[in-house]
Number of protein chains: 2
Amino acid sequence: MGGTPLVAFAQHGNAEVGGTIYDTVALPSARSVRQEGSGVVRFTVGHSAPTLEDVARIAGVSRATVSRVVNGGTLVAAKTTEAVREAITQLDYHPNRAARALVTRRTGVIAVIVPETDERVFADPYFPQVYHGALQAFSDSDVQVVLAMSQPGDNASRMVRYLESGHVDGALIASHHGPSLAQALAHSWQPVVFIGDPEVPGVPYIELDNRAAARVATQHLIERGSRRIGTITGPLDMGSARQRLEGFREAMAEAGLDGDLYVEGGYNAQSGQVVEQLLDRAPDLDGVFAANDLMAVTAMGVLQRLGRRVPEDVRIIGFDDASIGRQCTPQLSTMTNPAAEHARAAAELLIEILAGGLPETRNLMAASQLVVRGST
Amino acid sequence: MGGTPLVAFAQHGNAEVGGTIYDTVALPSARSVRQEGSGVVRFTVGHSAPTLEDVARIAGVSRATVSRVVNGGTLVAAKTTEAVREAITQLDYHPNRAARALVTRRTGVIAVIVPETDERVFADPYFPQVYHGALQAFSDSDVQVVLAMSQPGDNASRMVRYLESGHVDGALIASHHGPSLAQALAHSWQPVVFIGDPEVPGVPYIELDNRAAARVATQHLIERGSRRIGTITGPLDMGSARQRLEGFREAMAEAGLDGDLYVEGGYNAQSGQVVEQLLDRAPDLDGVFAANDLMAVTAMGVLQRLGRRVPEDVRIIGFDDASIGRQCTPQLSTMTNPAAEHARAAAELLIEILAGGLPETRNLMAASQLVVRGST
DNA sequence: CCATGTGCTGCAACCGCTCTCAAAGCTTTC
DNA sequence: GAAAGCTTTGAGAGCGGTTGCAGCACATGG
């Protein structure tokens with residue numbers, strides 16, 4: 001089994017693990033990335049892979065013929081084919097797709113871009129759905145779908161560089177903050193489809209009808225009898241968050257209620273805590289619309305800990321229909337957000353664009369559904 | 001804000017949502033990926049991006065000079081540089097990295113490969129750590145780290161093809177089942193580092209000392225007084241699962257106890273349920289070593305539901321030190337598995353390999369720590 | 001004033017592959 | 001037996017870059 005271990009090490013910064021730790025081992029200082037020039041890691045690869053040329057030489061034919069065998073389609077004599085096949089297996093030849101991409105202009109790689117840190121991406125159940133949907137759309141093609149997220153200090157440029165690099169055919173972009181990425185990409189030649197309004201004209205996207213959904217959610221609270229309703233929004237640099245806030249205010253205004261009771265959250269579980277601020281501003285709070293389930297569930301916990309009964313004292317409704325909303329007591333009412341479907345639709349739109357059979361601009365608007373459970 | 005929505009649609013297969021659904025909208029049949037030839041999606045891109053040549057023409061210089069300006073380093077006259085810069089911004093030129101990669105043999109892209117379906121990847125807290133660690137290692141270089149997982153029906157070939165495609169410089173491979181992927185890659189020219197023993201000689205990897213850790217865990221149960229101990233293993237086609245089982249049996253044998261009480265799980269929460277089988281086989285069960293925390297927590301729940309007190313009647317220890325183990329009652333004792341650190345170390349090893357300053361084969365073995373909490 | 005040096009730029013080959021076009025070999029036909 | 005028609009193959013021109021090397025213009029030294 002493998003070679004012999006040469007180094008033994010381990011580490012665990014004495015972080016709060018909430019228990020007693022035994023068996024600690026010293027940690028070596030982590031070597032850092034060696035750099036040269038302007039922050040670029042320089043690589044030099046030793047061996048180089050066999051090329052078409054090599055195969056051709058061994059098989060005693062020309063490059064063109066090998067290419068024909070590899071790509072199929074064109075007719076090549078049976079025995080030639082066999083000789084080439086043999087040479088290919090002998091050398092363990094794999095075509096260099098980057099070179100091929102240069103001439104075919106197709107890489108066979110699609111990226112799902114999420115301009116969030118990896119922590120957020122893995123913490124929020126929304127992103128797996130997006131990725132899953134994209135994967136589905138490409139499942140029976142031989143496209144490789146890769147996921148790229150941003151790193152803590154990143155601005156948009158690393159992403160843009162990757163997208164324009166020629167290593168991907170196109171991209172789906174999922175959780176963008178503000179129009180900067182879209183702007184950078186708008187005049188680029190890279191086919192992209194946004195999930196959520198990019199706020200830049202001409203850039204194709206699909207989005208949930210957030211405003212309508214937020215109205216439905218708010219109206220539902222009102223119908224159930226809530227009057228003093230507050231909302232926890234998402235980060236307001238995101239279109240979806242603003243739209244949900246808008247929908248909330250519309251519904252409140254229509255009902256002749258005060259729609260100014262809102263506080264900004266971050267779409268993450270922790271920021272559900274801000275419900276306390278709503279409570280400070282409105283001690284008679286009897287309804288909460290949280291812009292996603294993660295925040296809603298936290299808010300529910302906070303309210304319950306403060307002695308409020310849900311839904312008797314305060315009704316709560318979330319957004320996204322995340323599974324976590326079914327694991328709390330009472331179960332959370334919510335608005336569906338079939339992200340996987342959207343991603344798939346977006347991916348299919350991307351495929352159309354890539355196939356060239358393209359309408360100018362194309363935007364898709366998707367509807368949401370109200371799911372009533374115990375919390376309202 | 002963007003163009004006008006052209007299409008409105010939504011969908012929600014009437015899946016079990018555990019609530020009442022209002023506001024349903026018809027769903028269009030999802031268009032499927034258009035295919036041609038052997039399962040390959042064909043793309044044709046309309047516009048094409050400006051090239052070096054274009055820039056050179058506008059700036060009135062040669063391609064070589066533009067290249068020099070773009071890449072810096074070599075000396076170019078100040079006014080020439082300026083002219084080129086101007087042309088570049090005018091055309092919004094971005095170098096085609098695929099073309100560059102052809103000659104420099106560096107793409108600036110590193111892949112983290114996880115041969116699991118996306119559901120598993122997002123469900124298990126282990127993978128985010130791996131990705132995070134990899135990201136850290138490359139954080140101050142301008143390498144793009146992408147994540148690729150396999151699709152339900154996939155065999156290894158799509159992965160291998162991607163890795164050998166020339167679109168990535170190298171890869172970290174995280175949760176492989178059996179040696180097939182490693183074998184396919186062993187004679188390839190692609191620099192890869194495995195996290196976990198690939199079971200193929202000559203392929204570099206880093207791994208946790210699973211056997212030793214499992215021994216420590218088991219010994220801990222014995223020390224606390226457990227005698228009739230069972231284990232829930234991971235999928236036994238994975239080296240880590242087998243090693244943890246081995247460690248368990250060793251510790252049991254050393255203590256003169258029966259080490260045959262085990263049942264295979266899948267490293268996912270659901271498979272913690274198999275603890276019932278242990279109970280069937282040994283009603284006097286008083287200790288459980290689960291090969292990861294996900295299974296341990298589920299097992300604890302099952303046992304408690306069956307009236308067993310933890311740790312009074314049955315002691316439970318898990319593996320991985322996942323956060324979920326701190327959210328249950330009692331809190332779960334466990335073995336640490338600082339996956340992020342491992343991934344970072346693996347990434348640094350990969351960087352070394354890519355830099356060419358390479359030891360033949362290099363394997364790293366990492367230690368684990370026992371964390372004692374309430375469950376033992 | 002000519003030989004040298006120095007600074008900057010262009011030519012051209014090459015990275016690995018695809019694909020058009022024409023040539024070569026073979027059959028068929030008159 | 002030569003012309004015509006196929007099938008099969010190879011030569012060669014790119015794809016968009018990088019880079020070694022030669023060449024040019026101008027400044028310097030003898």
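Here is the naming used below: chain letters follow the sequence lines, and residue numbers restart at 1 for every chain.
Only B/Leu102, B/Val103, listed by number, bring a heavy atom of residues 95-103 of chain B to less than 4.0 angstrom from any atom of DNA chain C. Heavy-atom distances under 4.0 Å link DNA chain D to B/Arg63, B/Ala64 of residues 58-66 of chain B, given in residue order.
Between the side chain of B/Tyr131 and the main chain of B/Val145, a donor-acceptor pair closer than 3.5 Å is present. Formation of a donor-acceptor pair under 3.5 Å by the A/Ser67 side chain with backbone atoms of A/Arg63 is not found in this model. At least one donor-acceptor pair closer than 3.5 Å links the side chain of B/Asp169 to the backbone N or O of B/Thr107.
If one axis is set at each end of the helix from C/dC1-D/dG30 to C/dC30-D/dG1 from five pairs, those axes are 70° apart, to 10°.
In this structure, B/Arg57 atom CZ and C/dG10 atom P are separated by 14 Å, rounded to whole Å. Summarising the geometry, the separation between CG on A/Leu52 and P on D/dG12 is reported as 17 Å, rounded to the nearest angstrom. With rounding to whole Å, A/Glu82 atom CD is found 13 Å from D/dT9 atom P. As a whole-Å value, the separation of B/Lys79 NZ from C/dG7 P is 15 Å. Atom NE2 of B/His94 is separated from atom P of D/dG16 by 16 Å (rounded to the nearest Å). Between the CG atom of B/Leu91 and the C1' atom of D/dG16 there is a distance of 15 Å, rounded to whole Å.
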Side chain to side chain contact (heavy atoms under 4.5 Å, CB included) between B/Val69 and B/Val61, worked out: CA-CA 11 Å; B/Val69 171; B/Val61 297; over 6 Å; no
Does B/Leu163 form a side chain to side chain contact (heavy atoms under 4.5 Å, CB included) with B/Val168? I'd like the steps, not just the answer. CA-CA 6 Å; B/Leu163 286 177; B/Val168 297; 4.1 Å; yes
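For D/dT18, neither phosphate oxygen OP1 nor OP2 lies less than 4.0 angstrom from any side-chain nitrogen or oxygen of B/Thr104. Remark: B/Arg105 is in phosphate contact with C/dG16, judged by side-chain N or O atoms under 4.0 Å from OP1 or OP2.
Note on A/Thr51: only backbone sugar-phosphate atoms sit closer than 4.0 angstrom, heavy atoms only; bases stay farther off.
When every heavy atom of A/Ala56 is checked against every heavy atom of A/Val66, the shortest pair comes out as CA-CG2, 3.6 Å. Shown here for A/Leu350 and A/Pro191, the closest heavy-atom pair between the two residues is CD1-O, 3.5 Å.
Looking at residues two or more places apart in sequence or on another chain, you find a side-chain contact (heavy atoms from CB on, under 4.5 Å) between B/Ala347 and B/Ala137, B/Phe138, B/Leu172.
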Pairs under 3.5 angstrom, nitrogen or oxygen only, protein versus nucleotides 21-25 of chain D, please.
none

Which side-chain N or O atoms in residues 81-91 of chain A pair as donor and acceptor under 3.5 Å with protein atoms at least two apart or in another chain?
unit_1, atom_1, unit_2, atom_2, d
A/Thr81, OG1, A/Ala77, O, 2.9
A/Thr89, OG1, A/Arg85, O, 3.3
A/Thr89, OG1, A/Glu86, O, 2.9

